[in-house]
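The structure appears right after this line, and notes come after that.
Numbers for residues simply follow the sequence, beginning at 1.
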Amino acid sequence: MPSTIIDSAIFQGIFSSDEMRHVWSDENRTQKYLDIESALAKVQARLGLIPQQAADEIVSHCRLDQIDMVKLRQQTERIGYPILGVVSQLNALCRDKLGEYCHWGATTQDITDTATVLQIREALAIVERELAAISSAMARHAKAHRDTPMIGRSNLQQAIPVTFGYKMAGLLSAIERHRERLSQLKERVLVGEFAGAAGTLASLDKGAMETQAGLCAELGLKQPLIAWHTIRDNIAEVGAFLGLVGGTLGKLSMDVKLMMQTEVGEVYEPFAHGRGSSSTMPQKRNPISSCYIHAAISVVRQHAAALMDAMVADHERSTGPWEIEWIVLPEAFCLMAGALKQSRFVLEGLEVDAQAMRRNIDLTHGLVMSEAVMMGLGPYIGREYAHDLVYDICREAVRQQRPLLDLLAEHREINKHLDRAALARLCDPANYLGQSGVMVDRVLATLR
């Protein structure tokens, strides 16, 4: 009986993805426990710490189809943790009590944390792939619209012209930083845990560090310098990373929503028959994906904060903060998968209306070029005086509902320095795009 957005038979494909849901499923998590117990037995047999026949027997049963999941639920509810239930079932499956060598020298948190890291590795691979696709789509828009003028906006008001390529390149630069962050955090996060009851590995009289090194190597993880049972900055960093990625996707969705407004109409989410329609208003074309992105990343940011709370752990093994991670980490990744999927969909099929962009620039009949005029007049009459003069002329243009260029050309204090042709050049949006193109090129040149 699914009861959350992520597991809902109706909503799961909107707010998450099957691939990410599998990563955090009970089945995959339990298989990770088995993979670790199998790897531990192999390594300890090689080191002569347990009999080879015990390792062979344990490994032969480390398969999910041999675990009774109903019984595991009952064991977990009774014990409080699933690891002992898994180990007990493995032990019972092994012949001649060879299963007693399972979990040799390990503690519950060793297996749980290492399994979580293995899940994180799989989850980050999905995030990495989606970020690469989003980067590619943004780069195409940035390149194609490098010189497509549109109005820049400040405090939701028209400011000065920019280009759509510039807008896309700004978002692209953030995505590229996220990809760099992801590469960097792997070194700190993809680290195993095998340290015993209080982190000292006192449970193994010999071969302790060799077991730790071998286990991590077997699983393709880095060996920890010291136990991190209650030192959780690595997990919190993953949450912070997801929050940062979500912030950028949220910025994308916010701009798309605003640009899709009927009065603006500069871009549109991809069209599909019936998508975004209203039950009562047939004309509607709502920004559906952007709404889902906004909702998902808002929750992810809250989960990032919760993972910061989980860092405040007591002593060498904690009472409660650890379990915060169990609750929020899977949901954060699943919601992020949904946000990434929706963002990729929007970008790969985004409809861009360059004519509407130009129409909106011209909406004020030249008022958005007031800064250009002010800077052009500055060398002749001083920048501050030019500012005040142009300000007054702008107000008069609004009052008279006339183009700014006409009033500028008529003003005696202005036309003695600049004729109408010169003023027309100052009022041309295409001449006031600054270094937009250069900046777009610089961002594109840095792509991974």
key: side-chain contact (heavy atoms from CB on, under 4.5 Å) between L204 and Q44, worked out   = CA-CA 11 Å; L204 294 181; Q44 290 182 326; 4.0 Å; yes
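- Remark: of the listed residues R359, R358, R153, R153 is the sole one forming a salt bridge (Lys or Arg N to Asp or Glu O under 4.0 Å) with E266.
- Taking 4.5 Å as the limit, every side-chain heavy atom of I111 sits out of range of all side-chain heavy atoms of F194.
- Within the structure, ring pair (Phe, Tyr, Trp, His ring centres under 6.0 Å) contacts touching residues 7-46 (residues at least two apart or in different chains) are F15-Y292, W24-F333.
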request  = May I have the step-by-step check of salt bridge (Lys or Arg N to Asp or Glu O under 4.0 Å) for R21 and D18, ending in yes or no?
outcome  = CA-CA 5 Å; R21 289 171 61 251; D18 290 343; 3.2 Å; yes
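- Residues M260 and V256 meet the side-chain proximity criterion, which asks for heavy atoms closer than 4.5 Å.
- Dense packing is recorded around NZ of K186, with more than 12 heavy atoms of other residues, nucleotides or ligands lying under 6.0 Å away.
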Test side-chain contact (heavy atoms from CB on, under 4.5 Å) applied to W322 and T112, step by step = CA-CA 10 Å; W322 183 38; T112 305; 3.4 Å; yes
task = Starting from the C-alpha separation in whole Å, work towards a yes-or-no answer on side-chain contact (heavy atoms from CB on, under 4.5 Å) for K341 and I14.
result = CA-CA 9 Å; K341 180 171 70 173; I14 290 174; over 6 Å; no
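- When side chains are defined from C-beta on, F241 does not count as touching V189, because their heavy atoms never get closer than 4.5 Å.
- More than 12 heavy atoms of other residues, nucleotides or ligands sit less than 6.0 Å from atom CG of D65.
- Atom CG of D26 sits about 9.0 Å away from atom OG1 of T76, to the nearest 0.5 Å.
- Counting only residues at least two apart or in different chains, salt bridge (Lys or Arg N to Asp or Glu O under 4.0 Å) contacts with residues 68-91 comprise R73-E77.
- E269 places a side-chain N or O within donor-acceptor distance of the main-chain N or O of S289, the cut-off being under 3.5 Å.
- Sorted by first and then second residue, the salt bridge (Lys or Arg N to Asp or Glu O under 4.0 Å) pairs involving residues 291-300 (not counting sequence neighbours) form an empty list.
- Side-chain contact between V368 and P429 is absent, with no heavy-atom pair separated by less than 4.5 Å.
- Using a 3.5 Å distance cut-off with no hydrogens or angles, the side chains of Q75 and Q89 do pair a donor with an acceptor.
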Using a 3.5 Å cut-off and no angle test, enumerate the donor-acceptor pairs between side-chain atoms of residues 160-172 and protein atoms at least two apart in sequence or in another chain.
| from | atom 1 | to | atom 2 | distance (Å) |
| --- | --- | --- | --- | --- |
| T163 | OG1 | R146 | O | 3.1 |
| T163 | OG1 | Y166 | N | 2.9 |
| K167 | NZ | D255 | OD2 | 3.1 |

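- Annotation: the span from S370 atom OG to M375 atom CE amounts to 12.0 Å, rounded to 0.5 Å.
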Could you go through residues 217-224 and list every donor-acceptor pair under 3.5 Å that involves a side-chain atom there, pairing it with any protein atom two or more places apart or in another chain?
| from | atom 1 | to | atom 2 | distance (Å) |
| --- | --- | --- | --- | --- |
| E218 | OE1 | R46 | NH2 | 3.3 |
| K222 | NZ | E187 | O | 3.4 |
| Q223 | NE2 | Q212 | OE1 | 2.8 |

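- In this structure, Q66 CD and H61 NE2 are separated by 5.5 Å, a value rounded to the nearest 0.5 Å.
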task = I would like to know whether C62 and D35 meet side-chain contact (heavy atoms from CB on, under 4.5 Å); could you show each step before the answer?
result = CA-CA 7 Å; C62 285; D35 292 343; 6.0 Å; no
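- Around atom CE of M69, more than 12 heavy atoms belonging to other residues, nucleotides or ligands sit under 6.0 Å away.
- Taking CD of Q31 as the reference point, atom CG of L118 lies at 11.0 Å (rounded to 0.5 Å).
- To the nearest 0.5 angstrom, L347 atom CG is 9.0 Å from L249 atom CG.
- Of all non-hydrogen atoms in A139 and L447, the two that sit nearest each other are CB-CD1, 3.6 Å.
- E180 meets the salt bridge (charged side-chain N to carboxylate O under 4.0 Å, His left out) test with no other residue; sequence neighbours excluded.
- Sorted by first and then second residue, the pairs that involve residues 95-108 and meet salt bridge (Lys or Arg N to Asp or Glu O under 4.0 Å), not counting sequence neighbours, are E57-R95.
- To the nearest 0.5 Å, the span separating CG on L444 from CE on M138 amounts to 12.5 Å.
- The neighbour count for H294 NE2, taken as heavy atoms of other residues, nucleotides or ligands under 6.0 Å away, does not exceed 12.
- Using a 3.5 Å distance cut-off with no hydrogens or angles, the side chains of T107 and R317 do pair a donor with an acceptor.
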If you look only at distance, which donor and acceptor atoms sit under 3.5 Å apart when one is on a side chain in residues 226-239 and the other is two or more places apart or in another chain?
| from | atom 1 | to | atom 2 | distance (Å) |
| --- | --- | --- | --- | --- |
| W228 | NE1 | G192 | O | 3.0 |
| H229 | NE2 | D110 | OD1 | 2.8 |
| T230 | OG1 | H315 | O | 2.7 |
| R232 | NE | E325 | OE2 | 3.0 |
| R232 | NH1 | D113 | OD2 | 2.8 |
| R232 | NH1 | W228 | O | 3.2 |
| R232 | NH1 | H229 | O | 3.1 |
| R232 | NH2 | D113 | OD1 | 3.0 |
| R232 | NH2 | E325 | OE1 | 2.7 |
| E237 | OE1 | R188 | NE | 3.0 |
| E237 | OE2 | R188 | NE | 3.1 |
| E237 | OE2 | R188 | NH2 | 2.5 |

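- The heavy-atom pair separating I293 from A339 by the smallest distance is CG1-O, 3.9 Å.
- Sorted by first and then second residue, the ring pair (Phe, Tyr, Trp, His ring centres under 6.0 Å) pairs involving residues 92-138 (not counting sequence neighbours) are Y101-W104.
- Scanning for salt bridge (charged side-chain N to carboxylate O under 4.0 Å, His left out) contacts around E351 gives R285, with sequence neighbours left out.
- Counting heavy atoms from C-beta outward, E193 and V117 have side chains that stay 4.5 Å or more apart.
- Take R383 and apply the salt bridge (charged side-chain N to carboxylate O under 4.0 Å, His left out) test, not counting sequence neighbours, and it matches no residue.
- Checked by atom type, the side-chain pair Q109/Y81 shows no donor-acceptor distance below 3.5 Å.
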query = Would E19 and R129 count as a salt bridge (Lys or Arg N to Asp or Glu O under 4.0 Å) if you check the C-alpha gap in whole Å, the side-chain angles of each, and the deciding distance to 0.1 Å?
reply = CA-CA 12 Å; E19 187 179 19; R129 185 192 66 217; 2.7 Å; yes
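- Scored by the side-chain contact (heavy atoms from CB on, under 4.5 Å) test, V328 finds H303, A306, L307, I324 as partners (sequence neighbours excluded).
- The closest side-chain donor-acceptor pair between N28 and E122 falls under 3.5 angstrom.
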